[in-house]
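Structure record follows, encoded as structure tokens.
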Amino acid sequence: MSAALAGIELYRKLARDGLFADVYQTRSSFIVAASDAECALLETHATALTSVGVGIERLAGERLRQRYPVLSPNARLAIEVQDEGHAIGYKIVHRLLTAAGVIVERASTVDRLLVDHDGYVRGVATEKGVVLADAVIIAAGNGSARLLGLDGVLRPRKGQLLVTERAPALNAAMPGAIMSGRYLLSKGSQAGDLATRSRGFGLVIDPLGTGQFLIGGTREDSDAGQSNDLAAVSRILADAVSLVPGLAGVRLLRAFAGVRTAVADGLPLVGALPGLRNAYLATGFEGDGICLGPVAGRAIAQLACAKHPAFDITAFDPGRFAGIGVAA
Amino acid sequence: MFDRDVIVVGGGPAGIAAAIEAARAGLSVDILEQRPSLGGAIYRQPIEGVAPIRQSRAALNRYAELMSALTAFVVGLRHMSVFLGMDGDGLVLFEDRGAGTVKSLRARAVVIAVGAVETVHPRPGWQLPGVSTAGGLQVMMKETGRPPQRRVLLAGSGPLLVAVAAQMIRLGNPPVAIVEAGDPFGSIRDGLGLLRFPGLLADALSYLLTVVASRTPWQRGTTLMSIERTRSGLEATLKDRNGTMRTMTADRIGLHDGIRANDFGLHPAAIDMPCGPIVIHAGDCREALGAVAAAADGARAGRQVARLLTAASSSTDEIERQLVRERKAQALLAQLFSPVNPPAPLSSLPRDTILCRCEGRTAGDLHSLIGPSDVLSGREVKHNGRFAMGACQGRFCATHVAALMNELRPGHPPVHAKDLIGQRWPLRPTSIAGLTHVASDDIENDQFRKVDANL
Ligand SMILES: Cc1cc2nc3c(=O)[nH]c(=O)nc-3n(C[C@H](O)[C@H](O)[C@H](O)COP(=O)(O)OP(=O)(O)OC[C@H]3O[C@@H](n4cnc5c(N)ncnc54)[C@H](O)[C@@H]3O)c2cc1C
Ligand SMILES: Cc1cc2nc3c(=O)[nH]c(=O)nc-3n(C[C@H](O)[C@H](O)[C@H](O)COP(=O)(O)OP(=O)(O)OC[C@H]3O[C@@H](n4cnc5c(N)ncnc54)[C@H](O)[C@@H]3O)c2cc1C
């Protein structure tokens, strides 16, 4: 939670400074409960949020209808979480790359690190040739597993997402993203029990600035990042319509999937690689990498430049897993 | 386990021929067709209660032959069924527009025969209301039996412009002019080459004679550069072969710069899939070679499926020879209609020219994304420029966006339309209500029409 707050703090700063001015917005999100079990879970979650200083409002009955008029009558309780950050991942990536003036060698897969006997990393070998460097930062998502022999530690977690056509009136009637209380159940499962659940559903409906909706999603133990299946898409949309009935009259434009990088203990891997003098790892953000990516990236850059990271990454130390190393 | 042996997508000549050959081998076959009737782009049937517009006798005969062969077999016909693609589990998905639901079928093989689409080059003003494709005007005439009204200008390149003009003339509203970038009369030798393809020649001559007799101007070697809306209508700026510019005003403009395979977003052909069905492309969506070739290519695909799924051993050698011949005919046509002056590069378009009509994205938007140093991939340009992200899923813009990217970043590996579009379902925007009421695979109780002689 404190990492997430640091992540949001950096977004806010970059928005104030101008770099993210038009690509980061704050607005409320709404977590909605429709059953007794969900209501109970939501109350607990609300208490937890309040205790770390997040502004929330509890909405029910008439007040809920006023604040969120397009919500289904089945919704019984909602928690409005104020000042939540909102940003589109690919826009952030493009903005950061452009600002840094970095040139990306696209379509260049790194095959391995070039490690000397004393643990100094000279660079990397790619299919296109060797690239020498003073320091190497591995931020290769699921690709990090192969480079570092992290097979038992990293797990691909697929997510399916949907985008609708524009529906400006419905979009304007939604003051923020809503998620079903069931998402908490699904999200709570991320620590420890990777093997027990092969596919979870958690509903988020995000009204986009274009007037479209982004609707998600699944959490699946799979790396089939290219495919969407009818069963999942139909289930997600049925859940979405039961929360916001007006979506039934909108058309689905696109379905796509991505693969998150999950870590066995549910925490990211950010820090120096044990046994290596100048190599670092930043991955394992699972479903939070848009939020955490910039702040973790900045910390790892500081570390690589022998500065003190501005954000406490001790809990994310890759050294907590025995056997992390380089398949040299 | 399987609902059908073979699903054929598209009820044009290629799809019909494929269904015939697969059914002949004893396989169970369904055809999915998005429209209310079979026929495809060329044999498009009028909507109910409208008299069909005149077609050449040869074309009528070819269609009658296909249909009588089809009726000899039991083939399931699903009208108003829009193919959405194949999902990660290998299911064939379609939206049943009649029932308002999305349905899925499991098949051993899928023949995709969704035809061609028209190419239209971007030009300033091409997105204005009143500007459509020439083929769109033709479809309207075939369905309604009425010509587009008021002053119509046809422009671009290719034999279709003459065909559309002839059909308009026969229906009583000749176009104000046909503006043609090529000059098919320019080379006697190429023209004589047509003599080797009497079928093509007969069609072409009949259309040409109609155009000549009505004195419709056919302005060859001329390019439509831009369109502007003025108080008197749509003003087209034309540039002739000597570079002289002039304007012409119309109420509607039909553009057409050729046809190309409609392969956008389709699952690629695959004949040895570990899981999931065999996928074969047939007809104009594999290679745009015209109606005769489409039927032949469909038969080839149907026989290929039969060989892969049964002990059938029917040969396709004769068909391959026929395809070679049709390819030559199309190459000759392309040569006859090749532009007199090479087309201007896309990078010379004014920056405010629309590239993506769905999202209103311009050539300038693309220029500004292609920086001098870091070179974005097709996918990044798609996301950050919002190209190929609209309702048409990139059908209209992806080819041009890729071409302009390639002009702007020479020396880099070429970007293709499919890098922007990808391969995913749904291929078309699909009703969410329909997707939440996914029909069970209760095929036996499913209402669909078997092909019968009344179609
Ligand atoms: C469906 C879904 C929904 C999500 N929703 C949210 C959300 O709401 N909020 C949020 O904060 N996060 C969300 N995320 C998570 C977020 O997208 C990820 O955490 C984030 O993208 C991780 O960033 P990364 O840079 O660590 O890794 P990635 O984005 O995975 O990038 C790794 C890069 O490394 C490259 N690579 C891999 N191997 C090699 C190699 N050998 N050589 C060279 N390059 C290599 C890859 O091509 C890739 O470009 C979601 C993810 C998914 C899938
Ligand atoms: C606009 C246009 C005009 C043409 N005019 C002429 C002409 O005048 N003379 C001539 O000789 N040739 C013409 N052609 C070429 C000729 O139509 C083709 O060569 C021939 O029809 C190709 O046959 P096909 O079966 O491959 O495709 P088509 O005949 O195009 O049949 C494809 C079928 O697939 C259906 N379909 C497409 N997408 C889906 C989907 N997602 N789900 C379900 N069904 C779908 C379509 O409705 C159509 O019925 C024209 C082509 C076009 C595009």
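Note that these values count all heavy atoms, side chains included, but never hydrogens, waters or copies made by symmetry. All values derive from a computational prediction rather than experimental measurement. Proteins get letters first, then strands, A, B, ... in listed order; numbering begins at 1 in each.
- With a threshold of 4.5 angstrom between heavy atoms, A/Val93 does not approach chain B through any atom at all.
- Put simply, of A/Arg235, A/Glu105, A/Arg166, the one with the most heavy-atom pairs under 4.5 Å next to chain B is A/Arg166.
- No other option in B/Ser377, B/Gly422, B/Ala391, B/Pro426 has as many heavy-atom pairs under 4.5 Å with chain A as B/Pro426.
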Walk me through it: do B/Thr436 and B/Ile432 pass the test side-chain contact (heavy atoms from CB on, under 4.5 Å)?
CA-CA 6 Å; B/Thr436 59; B/Ile432 287 182; 4.2 Å; yes
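- Between B/Phe264 and B/Thr399, some side-chain heavy-atom pair lies under the 4.5 Å cut-off.
- The aromatic rings of B/His383 and A/Tyr90 lie parallel to each other, with less than 30° between the two planes, well short of the 60° mark.
- The CZ atom of A/Phe256 sits 8.0 Å away from atom CG of A/Leu162, with the distance rounded to the nearest 0.5 Å.
- A donor-acceptor pair under 3.5 Å is absent between the side-chain atoms of B/Asn262 and the main chain of B/Cys285, judged by distance alone.
- Contact annotation for A/Thr98: neither backbone nor side-chain heavy atoms come within less than 4.5 Å of a heavy atom of chain B.
- Heavy atoms closer than 4.5 Å to chain B are found in both the backbone and the side chain of A/Val104.
- Heavy-atom pairs under 4.5 Å with chain B peak, among A/Ala107, A/Ala257, A/Ala240, A/Ala255, at A/Ala255.
- Between A/Leu214 and A/Ile88, the closest side-chain pair of non-hydrogen atoms is not below 4.5 Å.
- For the set A/Glu165, A/Arg254, A/Lys91, the entry with the most heavy-atom pairs within less than 4.5 Å of chain B is A/Arg254.
- Per-residue counts of heavy-atom pairs under 4.5 Å with chain A were compared for B/Leu84, B/Asp89, B/Asn384, B/Leu93; the largest is that of B/Asn384.
- If you measure heavy-atom distances from A/Gln212 to chain B, the contacts under 4.5 Å come from the side chain alone.
- Chosen from B/Glu380, B/Arg379, B/Met389, the residue pairing most often with chain A at heavy-atom distances under 4.5 Å is B/Met389.
- Inter-residue side-chain proximity for B/Met86 and B/Val110 is flagged as met; some heavy-atom pair is nearer than 4.5 Å.
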